[in-house]
Amino acid sequence: MTAWSYSSIKTFDQCPKKYFHLKIVKDVKDTPGEAADYGTAVHEAAELFVKDGTPIPEKFGYMKPIVGSLAAIEGDKHTELKLGVRKTGTGYAPCSFFAKDVWWRGIVDLVIINGDKAHMVDYKTGKNAKYADPKQLDLMAGALFVHYPDLTVIKSALAYVVSNEFIKKVHVREDMDTYLNVFADELGRLEHAQLSGVWNPKSSPLCGWCPVVECEHHRPRRR
């Protein structure tokens with residue numbers, strides 16, 4: 001099966017046809033909008049502050065309390081940490097982000113490791129945590145356990161820097177396999193689509209933003 005990530009499996013779940021055009025035949029591109037550009041700038045500002053103390057620009061001043069509290073946590077800090085996981089005959093093994101046999105790949109915004117414990121954070125720039133997906137934390141925690149065999153506990157959080165909200169979870173090594181299989185149902189449907197060649201379109205309020213303009217559900221975006 002094609003290597004997957006959290007964002008790619010969410011794209012497939014949103015619409016298999018969109019996934020097909022973006023990830024399989026690659027005949028369209030999903031052009032980032034203003035919101036994506038803003039999110040990239042926020043992530044970069046947070047990364048530079050934690051990594052080397054670069055002052056946060058005033059336009060992002062609202063996130064200083066959150067990022068400042070994270071920077072104060074003791075431990076070895078890793079920003080924009082790229083991880084790859086491969087499947088083996090007995091379970092899972094670490095690999096590079098672009099390894100030929102990578103099964104899953106992802107980037108963790110911030111990891112702080114202190115002995116056998118860690119903090120893991122993914123920054124979110126949404127207005128609030130209404131649509132937070134804690135399964136993303138499960139997946140990333142599972143990958144961290146694969147890469148860092150000495151870790152026993154990970155305190156994880158989706159940090160909504162605009163609304164100053166944290167969606168928190170505590171992950172333990174004993175449940176690593178469970179975390180890595182939180183999207184088993186979606187992956188099963190994806191594998192079926194790949195084998196059958198059937199990529200049915202799915203209508204949603206996001207169709208106006210979809211780059212697959214020839215789809216039967218596409219409609220002009222409301223201004």
Side-chain angles (χ1 to χ4, degrees), residues 3-10 36 39-56 60 63-87 91-99 102-126 129 132-183:
W4 66 285
S5 65
Y6 172 77
S7 61
S8 70
I9 201 65
K10 295 298 287 186
T40 298
V42 167
H43 278 71
E44 183 178 3
E47 176 188 0
L48 293 175
F49 179 81
V50 172
K51 187 164 61 176
D52 56 25
T54 300
I56 294 175
F60 302 138
M63 70 177 183
K64 288 181 180 179
I66 285 182
V67 180
S69 65
L70 294 172
I73 297 174
E74 293 185 3
D76 295 327
K77 296 178 176 64
H78 306 268
T79 57
E80 296 296 305
L81 181 62
K82 292 183 178 180
L83 301 173
V85 174
R86 66 161 62 95
K87 272 193 168 183
Y92 303 92
C95 67
S96 66
F97 191 79
F98 293 112
V102 63
W103 170 71
W104 169 89
R105 60 168 63 100
I107 302 175
V108 185
D109 290 339
L110 175 62
V111 179
I112 305 172
I113 298 176
N114 192 343
D116 65 347
K117 296 178 175 58
H119 288 79
M120 180 184 73
V121 177
D122 191 80
Y123 303 117
K124 297 296 182 183
T125 54
D133 184 5
K135 288 168 66 175
Q136 181 182 5
L137 293 176
D138 296 336
L139 187 57
M140 294 191 299
L144 278 179
F145 282 128
V146 171
H147 275 261
Y148 296 90
D150 292 334
L151 287 181
T152 60
V153 178
I154 301 173
K155 293 183 178 181
S156 309
L158 298 174
Y160 283 77
V161 295
V162 175
S163 58
N164 197 25
E165 295 176 87
F166 280 92
I167 304 299
K168 299 180 180 180
K169 295 196 75 171
V170 176
H171 296 91
V172 294
R173 171 165 293 278
E174 290 78 9
D175 294 331
M176 181 182 77
D177 286 2
T178 300
Y179 303 144
L180 290 168
N181 282 282
V182 290
F183 289 102

**Q** Near K155 NZ, under 6.0 Å, is it more than 12 heavy atoms from other residues, nucleotides or ligands?
**A** no
**Q** Starting at CG of D150, measure out to NZ of K117 and round the result to the nearest 0.5 Å.
**A**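 Separation between the atoms: 12.0 Å.
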**Q** Hey, can you pull the donor-acceptor pairs under 3.5 Å for the side chains in residues 104-112, sequence neighbours left out?
**A**
residue : atom : partner : partner atom : Å
R105    : NE   : F97     : O            : 2.8
R105    : NH2  : F97     : O            : 3.3
D109    : OD2  : H43     : NE2          : 3.1
D109    : OD2  : Y123    : N            : 2.8

**Q** Please give me the minimum heavy-atom distance between L81 and Y148, naming the atom from each residue.
**A**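 Looking at all heavy atoms of both residues, the shortest contact is CD2-OH, 3.8 Å.
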**Q** With rounding to the nearest 0.5 angstrom, report the OG to NZ distance, S163 to K124.
**A** 12.5 Å
**Q** Give, for atom NZ of K169 and atom CG of L137, the distance between the pair rounded to the nearest 0.5 Å.
**A**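 Here the interatomic distance stands at 7.0 Å.
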**Q** Any chance CD of E44 has more than 12 other-residue heavy atoms, nucleotides or ligands included, within less than 6.0 Å?
**A** no
**Q** Rounded to the nearest 0.5 Å, what separates atom OG in S156 from atom CG in D122?
**A** 10.0 Å
**Q** Write down the atom of A129, the atom of I167, and the distance for their closest heavy-atom approach.
**A** CB-CD1, 3.9 Å
**Q** What distance do K10 atom NZ and D133 atom CG have between them, rounded to the nearest 0.5 Å?
**A** 4.5 Å
**Q** Indicate yes or no: at least one non-hydrogen side-chain atom of R86 is less than 4.5 angstrom from one of Y92.
**A** no
**Q** Determine the minimum heavy-atom distance between S5 and S8, stating which atoms define it.
**A** N-OG, 2.8 Å
**Q** Would I66 and V121 count as a side-chain contact (heavy atoms from CB on, under 4.5 Å) if you check the C-alpha gap in whole Å, the side-chain angles of each, and the deciding distance to 0.1 Å?
**A** CA-CA 11 Å; I66 285 182; V121 177; over 6 Å; no
**Q** Tell me the closest heavy-atom pair linking L151 and G115, and the distance in Å.
**A**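 Smallest interatomic distance, heavy atoms only, reads CD2-O, 4.0 Å.
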**Q** Determine yes or no for a side-chain-to-main-chain donor-acceptor pair under 3.5 angstrom, with T152 supplying the side chain and D116 the backbone.
**A**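 A pair under 3.5 Å: yes.
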**Q** What's the shortest heavy-atom distance between V50 and K77, and which atoms?
**A**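 Shortest heavy-atom separation between V50 and K77 comes out as CG1-CD, 3.7 Å.
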**Q** Can you tell me how far apart CG (L180) and CE (M140) are? Round to the nearest 0.5 Å.
**A**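 That separation rounds to 12.0 Å.
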**Q** Enumerate the residue pairs fulfilling ring-ring contact (aromatic ring centres under 6.0 Å, His included) with a member in residues 160-183, sequence neighbours excluded, ordered by first and then second residue.
**A**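 Only Y6-F183, H171-Y179 qualify under ring-ring contact (aromatic ring centres under 6.0 Å, His included).
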**Q** Determine the minimum heavy-atom distance between L83 and A143, stating which atoms define it.
**A** CD1-CB, 4.0 Å
**Q** Using modelled atom types and a 3.5 Å cut-off, is there a donor and acceptor pairing between side-chain atoms of H119 and backbone atoms of E74?
**A** no
